[in-house]
Amino acid sequence: MLLSKSFIPILKNNPSEAKIKSHQLMLRVGMIKQASAGIYSWLPLGFKVMKKIEKIVREEQDKIGAQEILMPTIQSSEIWKESGRYDDYGEEMLRIKDRQNREMLYGPTNEEQVTEIFRSSLKSYKSLPQLLYHIQWKFRDEIRPRFGIMRGREFYMKDAYSFDITDEDAFFSYNKFFLSYLRTFKRLSLTAIPMAADTGPIGGNLSHEFIILADTGESKIFTDKRIFDLTNDDTELEKSSLEQMRKRYEKFYSVTDEKFNKVEFEKMVSEENRLITKGIEVGHIFYFGDKYSKAMDTAVDLPGGKKDFVKMGSYGIGVSRLVGAIIEAKYDDENEIMKWPLSVAPYDIALIPMINKNDNSALEKANKINSELIRNNIEAIIDDTDENYSSKIKKMNLIGAPYQIIIGKKSDGDLLEFKEPGGETQNLSLEKIIEIITKQKASN
Ligand code: 5CA
C-alpha cells in the first residue's frame, strides 16, 4: 500500500482531548474517529488491527471446540423479562421501541438470547457439552465512557457460553476457556493474569478477570508477583491437566479490589512478592450454574429419564478494547515509537524510500522489493511521499509496522538497511529479511 493513497489521516500533534496513550495514538494516526460519546468509526489502520485480533480470538475459541454463531445486536425485551434482568440492568441498557410499540434493546451481553436458542433446539444430555460463541457489537450506556475505545458505549466483544449437566462438567468447560484465554493473550504478546473477581450483573460465584498491567488501567489489583512466571505450554485439553493448570494459578493470591482482603493478602504473600497496581481487564469469565436456565426453564433429559436445568457459564473478551490495551502495553509515548506485535500489526513492514525531485530510483526499488514481499505474503506500507528522512521515520514510527527498510543512496548493493522502529540498523539481504519475518510469523 502506498502511503499517499492510504486513508491514514495522521495528525502533527497529540489531540488534547486524549488522556491516555492508546487514545492519543489511535486519534493521532487515524485508527478511529469519534462519532458520538463512546461511539467510534474504525478507519483502515484501526480496523486492520482489530480484525487481526479477532482472527486470533476466533482461532483459539475453535481450538477448544467452541462453535461460532452470530446472534443479533437487537434483542426482544421478552427474554430479559423472563430472566429478571430487564429491570435489574437499569440505565446501562439502551432500550428501543419498534413501530409496533414492542420493547426491544441493543444487547449489552447475550446470556438470555443464547439460552433461548439452546432451549428451543436441544433437549437431551447427549448433546452436551455445548460451547457456543459469537463476536458481535454490544452497547452499554456507560455513565462515564472514556479513554476512547477502552471504555466505549458501543464495543466489539467475543462472548461464549457453555452448557453442561453437572458442576464437574461445567468446571471442565470453564477451564477450557481459562486455557484458551491464556493462549489468546499470549499470541497477542500480552501477559494477562487471571484474577479472582466479582460477578456483578452477570451473576454466579466463580469468576476470573484477565488483566494486563498498565498504570492507566481502571482495575486495581493485588497480586503475588510469582504468578507472572507461570507457564502452561504443557497443559492439555483434558480434565485433570486443566484442573491442575487452574490450581497452579489459584495457588497465588491474585484478586481485583472488590475481592481484596488485607489480612489474607498479608498472610499469603511475603512482603517482597506483593504487587499492588493497576491493570486493564481484557477478558472476564463467569460460572453461574442454573441462574438463567432455571429462570428461563431450560432443561435437558438426563440418562435415567429425569430432567435437570443446564449449568451455564459465560466468557467474554473485549476485542475492540484489546486494540487499546496492546497500545498501552507497547507504545513508547516519550519517543513516539509504536511497535505492533507482528501477529496484529496493520502492516508487517514499512518501506521508506528517500525520494528527491529528479530521482525516482529509490521508489522504483521499493516497488520491486514490495513485489517480492507480496510473493512471500508479507504486507508492506510504502512511504512514497517526498518528505525528508526524519519526518518519514517519525510517521512510520507512529504507524508502528514492526520492521522498516530504509532505501537511500547507500542501498545500492544487495544489502538493505533494515531495522525495528527506533532500533539499530542492520544491513541484510532481502532474502534474509523475508526469512526473519516469515519465521516470526510462523511462530505465532
Ligand atoms: N457476559 C459476560 C461474559 S461474555 C460479560 O459481558 N462480561 S463483561 O461484562 O466482563 O465483558 C467482557 C469484556 O468486554 C470485558 O472483560 C472487557 O474486556 C470488555 N468490555 C466490557 N465493557 C466494555 C466497554 N464499555 N468498552 C470496551 N470494552 C468493554
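Just so you know, ligand 1 is whichever comes first in the structure, and atom 1 is the first atom listed for that ligand. Being a predicted model, the structure only gives us computed values, none of them experimental.
Considering backbone and side-chain atoms alike, Lys158 places every N or O at 3.5 Å or more from each N or O of ligand 1. Considering backbone and side-chain atoms together, Gly152 places an N or O closer than 3.5 Å to an N or O of ligand 1. Between Tyr315 and ligand 1, no N or O atom pair is found at a separation short of 3.5 Å. Taking any N or O of Thr109, backbone or side chain, at least one lies under 3.5 Å from an N or O belonging to ligand 1.
Taking the six-membered ring where the residue is Trp, the centroids of Trp80 and Tyr89 are separated by under 6.0 Å. Aromatic pair His208/Phe178: ring centres closer than 6.0 Å. Taking the centre of each ring, Tyr161 and Tyr133 stay at or above the 6.0 Å mark.
Using modelled atom types and a 3.5 Å distance limit, the side chains of Glu54 and Tyr156 yield a donor-acceptor pair. Side chains of Glu17 and Gln34: no donor on one and acceptor on the other come within 3.5 Å. There is no side-chain donor-acceptor pair under 3.5 Å between Thr191 and Lys186. Side-chain contact, Ser180 with Glu60: no donor N or O sits under 3.5 Å from an acceptor N or O. Side-chain polar atoms of Ser219 and Glu281 form no donor-acceptor pair below 3.5 angstrom. A donor-acceptor contact closer than 3.5 angstrom is absent between the side chains of Glu243 and Ser241.
Residues in residues 293-322 take part in these ring pair (Phe, Tyr, Trp, His ring centres under 6.0 Å) pairs, two or more places apart or across chains: Phe177-Tyr315.
For Glu328 against Lys21, the heavy-atom pair with the smallest separation is O-CE, 3.2 Å.
The closest protein non-hydrogen atom to atom 7 (N) of ligand 1 is Phe286 CE1, 3.4 Å. At the shortest separation from atom 27 (C) of ligand 1 among protein heavy atoms lies Met150 O, 3.3 Å. Of the protein's heavy atoms, Met157 CE, 3.5 Å lies nearest to atom 11 (O) of ligand 1. With hydrogens left out, the protein atom closest to atom 9 (O) of ligand 1 is Arg140 NH1, 2.8 Å, a heavy atom. The protein heavy atom nearest to atom 16 (O) of ligand 1 is Glu281 OE2, 2.5 Å. Of the protein's non-hydrogen atoms, the one nearest atom 20 (N) of ligand 1 is Phe155 CE1, 3.6 Å. For atom 17 (C) of ligand 1, the nearest non-hydrogen atom of the protein is Arg321 NH1, 3.5 Å.
Listed by number with element, the atoms of ligand 1 under 4.0 angstrom from any heavy atom of Gly283 are 16 (O). The atoms of ligand 1 that sit less than 4.0 Å from any heavy atom of Val282 are 16 (O), 18 (O). The distance from ligand 1 to the heavy atoms of Ile202 drops below 4.0 Å at these ligand atoms: 1 (N), 2 (C), 5 (C), 6 (O). Of all atoms in ligand 1, listed by their number and element, those nearer than 4.0 Å to a heavy atom of Gly318 are 13 (C), 14 (O), 18 (O), 19 (C). Atom numbering of ligand 1 starts at 1 in the shown order; those under 4.0 Å from a heavy atom of Ile149 are 27 (C). With ligand atoms numbered from 1 in the order given, ligand 1 contributes 1 (N), 2 (C) to contacts under 4.0 Å with heavy atoms of Glu111. Atoms of ligand 1 lying under 4.0 Å from at least one heavy atom of Asp159, given by number and element, are 4 (S).
Contact annotation: for Glu209 versus ligand 1, there are no heavy atoms closer than 4.0 Å. Residue contacts with ligand 1 for His284 involve both N, CA, C or O and side-chain atoms from C-beta outward (heavy atoms, distance under 4.0 Å). By the criterion of a heavy-atom distance under 4.0 Å, neither the backbone nor the side chain of Arg153 is placed next to ligand 1.
Residues passing the salt bridge (Lys or Arg N to Asp or Glu O under 4.0 Å) test with Arg140: none are found, sequence neighbours excluded.
For the pair Lys176 and Tyr174, the cation does not sit on the ring face, since its NZ or CZ is not both under 6.0 Å from the ring centre and inside 45° of the axis.
For atom 3 (C) of ligand 1, the nearest non-hydrogen atom from the set Ser314, Ala160, Ser207 comes from Ser314.
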